[in-house]
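Have a look at the structure below, then the notes.
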Amino acid sequence: MSKLISVEDAVANISDGMSIMAGGFMGCGNAHNLVQAIIDAGLKDLTMISNDASMPGYGIAKLVEQRRVRKLITSHVGLNPQVAVQMNAGELEVELVPQGTLVERIRSGGAGLGGVLTPTGIGTLVADGKPVITVDGREYLLEKPLRADVALISGYRVDKNGNIWYRGDARNFNPVMATAADVVIVEADHLVELGDIPAEDVVTPGVFVDYIVTGGSL
Amino acid sequence: MSKLISVEDAVANISDGMSIMAGGFMGCGNAHNLVQAIIDAGLKDLTMISNDASMPGYGIAKLVEQRRVRKLITSHVGLNPQVAVQMNAGELEVELVPQGTLVERIRSGGAGLGGVLTPTGIGTLVADGKPVITVDGREYLLEKPLRADVALISGYRVDKNGNIWYRGDARNFNPVMATAADVVIVEADHLVELGDIPAEDVVTPGVFVDYIVTGGSL
Amino acid sequence: MTATTLDRSNLKEIVARRVARELRDGDFVNLGIGLPTLVPQFLPTDVRVTLQAEVGMVGAGPCPEVDAAPRYVVDAGGKPASIRIGGAFIDSVTSFTLIRGGHVDATVLGALQVDSEGNLANWIIPGKMVPGMGGAMDLVVGAKRVIVAMEHTQRGEPKILPRCTLPLTALGCVNLIVTEMGVIEVQPYGLLLTEINPDLEVADVVAATAAPLRISSSLTVML
Amino acid sequence: MTATTLDRSNLKEIVARRVARELRDGDFVNLGIGLPTLVPQFLPTDVRVTLQAEVGMVGAGPCPEVDAAPRYVVDAGGKPASIRIGGAFIDSVTSFTLIRGGHVDATVLGALQVDSEGNLANWIIPGKMVPGMGGAMDLVVGAKRVIVAMEHTQRGEPKILPRCTLPLTALGCVNLIVTEMGVIEVQPYGLLLTEINPDLEVADVVAATAAPLRISSSLTVML
């Protein structure tokens with residue numbers, strides 16, 4: 001049962017209105033071919049969960065520019081001016097989440113936990129409407145787990161089991177997102193043989209990965 | 001400011017009655033020289049936090065056998081018969097924690113979170129006296145963060161910044177414990193030069209590590 | 001032949017062989033100590049499963065004939081182990097992200113007691129045996145499928161009860177019970193015997209089971 | 001010379017130079033965008049700090065002259081960056097374990113407003129600028145020491161207020177404020193001016209500060 005499929009077959013797992021996690025930080029670590037294939041497939045009304053909205057013309061920014069995104073759950077949109085334009089026009093919903101809370105909410109979703117107790121956001125707009133739990137005299141916000149229908153992962157070296165090794169800081173949100181979606185698709189910059197990634201140096205074990213596509217490159 | 005010190009100087013950071021986290025799983029990943037140095041230094045009344053109590057004569061089992069431990073916070077003690085003997089004699093307090101909860105409590109302590117919301121233990125003895133929080137209709141135990149005065153880490157390759165690469169499954173609790181103690185001491189099987197561990201393959205970044213001792217070996 | 005006269009020499013093999021049929025090609029599986037570790041040898045050649053070891057392996061292999069990494073690659077009992085090519089060493093955080101997060105397709109483990117509601121007791125006999133729960137509580141809560149593989153009785157006493165009397169490992173977690181006597185599904189209404197050891201009568205299984213036992217209308221022989 | 005006539009050409013350098021004196025050898029430091037990134041060039045040679053980049057670096061280096069890893073090593077703005085020998089690439093989970101978990105010795109960042117209680121506002125101007133908070137909320141909650149490095153006023157309007165009017169980044173998180181006019185500690189009782197730009201009078205600083213300002217009895221010149 002091979003995990004290796006075409007980019008088109010991979011994107012066939014996605015339907016209009018689905019939630020998609022995309023690893024990456026200002027486009028570094030986005031799965032660029034998969035993003036393009038989503039655009040080519042005409043998919044729309046997506047909920048995107050990602051650290052940011054990337055930069056004009058690069059990576060997941062294109063999904064916003066092509067108006068495929070209905071809702072963004074993210075920590076920063078300042079480098080993609082289209083977000084403000086569509087947000088102010090009421091065309092795009094944006095849920096801003098502190099970066100450390102975003103990563104923990106995803107981790108919580110992937111690890112079977114009931115949420116995150118974080119001091120971040122206490123006393124700010126972020127706390128509005130959220131339960132506050134006191135543990136040993138200190139207050140924490142209860143932030144809920146996040147999961148997605150699909151995760152788009154970018155890996156530098158990927159073997160046929162789906163084991164992933166990341167290059168540079170393209171790693172960022174990719175490993176945690178690979179734990180928290182129903183369907184996990186990794187775009188490999190380099191497909192390698194089993195054993196080429198030493199067992200100690202695997203960052204994302206292949207059991208988290210459902211499908212592998214090739215041809216990746218940042 | 002070198003992190004490299006002698007085993008004796010490292011153990012001088014520990015006092016009677018302190019809490020100590022020790023990485024390892026049935027002794028695999030214990031810092032064996034540091035354990036011996038604790039015994040040689042005559043330290044006692046320790047609270048040990050570790051996955052298990054190892055096996056007779058090996059690693060942290062010796063701390064129990066030498067009666068240096070007042071309290072054990074752990075998930076499994078079945079392979080070290082001395083624990084049951086001392087526990088039944090009322091000489092040793094044992095707090096049993098599910099393994100996944102133990103690792104998350106430590107992670108929570110190291111990551112500045114207020115605790116763990118886990119489904120594990122609901123409806124069992126483990127839940128006694130603990131708050132139950134309902135999130136989206138499912139019940140979770142609130143388990144508190146764990147930190148220690150000192151963490152004893154075992155690393156295979158360690159560079160002078162304290163960056164650690166672990167061999168085999170000696171990794172286990174070591175990386176998470178390196179995040180959750182006031183003083184973190186790593187015992188290096190092999191001290192290597194800066195850069196010998198590729199930046200992508202560092203498992204524990206050196207900023208978590210306060211002191212390095214050499215001469216480690218499982 | 002009755003339960004008491006059942007040939008006990010290959011009892012573990014009967015159970016392990018039947019459990020092996022529950023696993024699917026590509027499954028990610030955690031096996032408890034003892035009997036469950038026998039399961040892989042009974043897998044058909046076209047069914048490949050990836051074994052998880054909570055000590056920190058995805059793709060755990062068998063005990064090595066020559067120990068290539070003495071004391072650096074061990075199983076949960078601290079004994080020499082191995083990892084398969086294409087496996088990964090992971091830390092305990094990731095190990096339980098896999099376990100608690102629903103990434104493990106099935107876990108196979110023993111039991112002291114199981115009951116009509118699928119409650120499981122397998123970690124403590126107060127005053128007698130207090131080894132600790134290790135990873136068991138997380139496994140039975142997190143794995144997609146929990147299969148209890150055990151002897152049907154303990155010194156002739158039923159282990160399948162209307163209600164567990166020992167402290168629980170988890171509530172309502174068990175999906176399937178496989179013993180030398182048969183295969184029992186945990187259903188919302190209680191326990192259902194779906195397969196039976198061909199050397200036994202239904203009455204034998206009922207007699208050895210303290211919990212109420214429905215008998216499947218399509219009861220088949222246990223293979 | 002008054003605040004309005006202060007030479008503004010080297011204003012950022014004044015602030016960065018003074019902030020550099022707050023850092024100790026061995027410190028693990030996160031620097032916000034803009035002015036704070038100037039701090040390292042003013043460190044004495046015997047003070048080595050390790051820089052964190054929340055995108056995923058421990059030991060971040062400067063923008064490379066020749067980009068050895070185009071698009072694989074970037075800073076928080078997506079621009080080419082580098083890592084020092086002995087550094088580590090980490091994922092976002094680890095990045096915020098470091099930040100929220102109290103492992104970062106100091107963070108230096110800009111502000112829209114700071115107030116008498118050490119409250120900070122630096123992420124949103126409702127209706128005008130909504131870039132998102134990125135990692136700032138975690139940084140100011142988690143770092144051992146929070147140093148605000150900014151211009152004392154914004155187009156002549158005070159940024160140091162009795163009470164922030166913009167939405168907060170965090171409550172009571174700021175330890176020290178360094179501006180071109182002086183150095184202000186956040187104390188339990190309010191703000192304390194401890195150092196002053198030698199080109200200014202105390203009255204200049206007080207006039208440019210909307211919050212009540214105590215003057216240290218050991219007020220010294222800002223270096």
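Just so we're on the same page: letters track the sequence lines, and every chain starts at 1.
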Tabulate, in ascending numerical order, the residues of residues 94-115 of chain C having at least one heavy atom closer than 4.5 Å to a heavy atom of chain B, or enter 'none'. C/F96, C/R100

Checking C/R71 against B/Y58: charged group under 6.0 Å from the ring centre and within 45 degrees of the axis? yes

Most heavy-atom pairs under 4.5 angstrom with chain B, which of C/I90, C/L171, C/V73, C/V74? C/V74

Select, from C/G132, C/S92, C/P167, C/G78, the one with the greatest count of heavy-atom pairs under 4.5 Å involving chain B. C/S92

I'd like to know if the side chain of B/T134 reaches the main chain of B/E139, judged simply by a donor and an acceptor atom lying under 3.5 Å from each other, with no hydrogens or angles considered. no

Could you look at B/P98 and say if it's the side chain, the backbone, both or neither that has a heavy atom under 4.5 Å from chain C? both

Pick out which of B/I164, B/V183, B/I185 makes a side chain to side chain contact (heavy atoms under 4.5 Å, CB included) with B/V209. B/I164

Contact origin within B/N30 toward chain C - heavy atom pairs under 4.5 Å: neither

Check whether more than 12 heavy atoms from other residues, nucleotides or ligands sit under 6.0 Å from atom CD1 of C/I33, and answer yes or no. no

B/D189 and B/S217: side-chain donor and acceptor closer than 3.5 Å? no

Segment of C/A76 engaging chain B (4.5 angstrom heavy-atom cut-off): both

Report, in residue-number order, which members of residues 75-97 of chain B are under 4.5 Å from chain C by heavy-atom distance. B/S75, B/H76, B/V77, B/G78, B/L79, B/M87, B/L96, B/V97

For the side chain of B/S108 and the backbone of B/E104, is there at least one donor-acceptor N/O pair under 3.5 Å apart? no

Interface moiety of B/S54 toward chain C, non-hydrogen atoms closer than 4.5 Å: neither

Return the option, out of C/A81, C/G77, C/G56, with the maximum number of heavy-atom pairs under 4.5 Å with chain B. C/G77

Would you give the length of the straight line joining atom CG of C/L213 to atom CG of C/L192, rounded to the nearest 0.5 angstrom? 7.5 Å

Kindly say whether B/D52 contributes a backbone atom to a donor-acceptor pair with the side chain of B/T74 at under 3.5 angstrom? yes

So if I take each residue of residues 135-147 of chain C and look for any heavy atom under 4.5 Å from a heavy atom in chain B, which residues do I end up with? C/G135, C/M137, C/D138, C/V141

Pairing of C/E195 and C/R18 as salt bridge, 4.0 angstrom limit: yes

Looking at C/E117 and C/R163, does any basic side-chain N land under 4.0 Å from a carboxylate oxygen? yes

State whether the side chain of B/E65 and the backbone N or O of B/G57 hold a donor-acceptor pair below 3.5 Å, judged by distance alone. yes

When rounded to the nearest 0.5 Å, the distance separating CG of C/L51 from CG of C/D75 is 12.0 Å

Counting only N and O atoms by type, is there a donor-acceptor contact under 3.5 Å from the side chain of C/K12 to the main-chain atoms of C/G34? no

Tell me whether the guanidinium CZ or amine NZ of B/R167 lies under 6.0 angstrom from the six-membered ring centre of C/Y72 and within 45° of its axis. yes

Where at least one partner belongs to residues 172-186 of chain B, residue pairs that pass side chain to side chain donor-acceptor pair (under 3.5 Å), sequence neighbours excluded: B/R147-B/D182

Portion of C/M133 that has a non-hydrogen atom of chain B nearer than 4.5 angstrom: both

More than 12 heavy atoms of other residues, nucleotides or ligands under 6.0 Å from NZ of C/K79: yes or no? no

B/E193 vs B/K160, test: salt bridge (Lys or Arg N to Asp or Glu O under 4.0 Å). Steps then yes/no. CA-CA 7 Å; B/E193 294 301 314; B/K160 286 178 277 187; 3.3 Å; yes

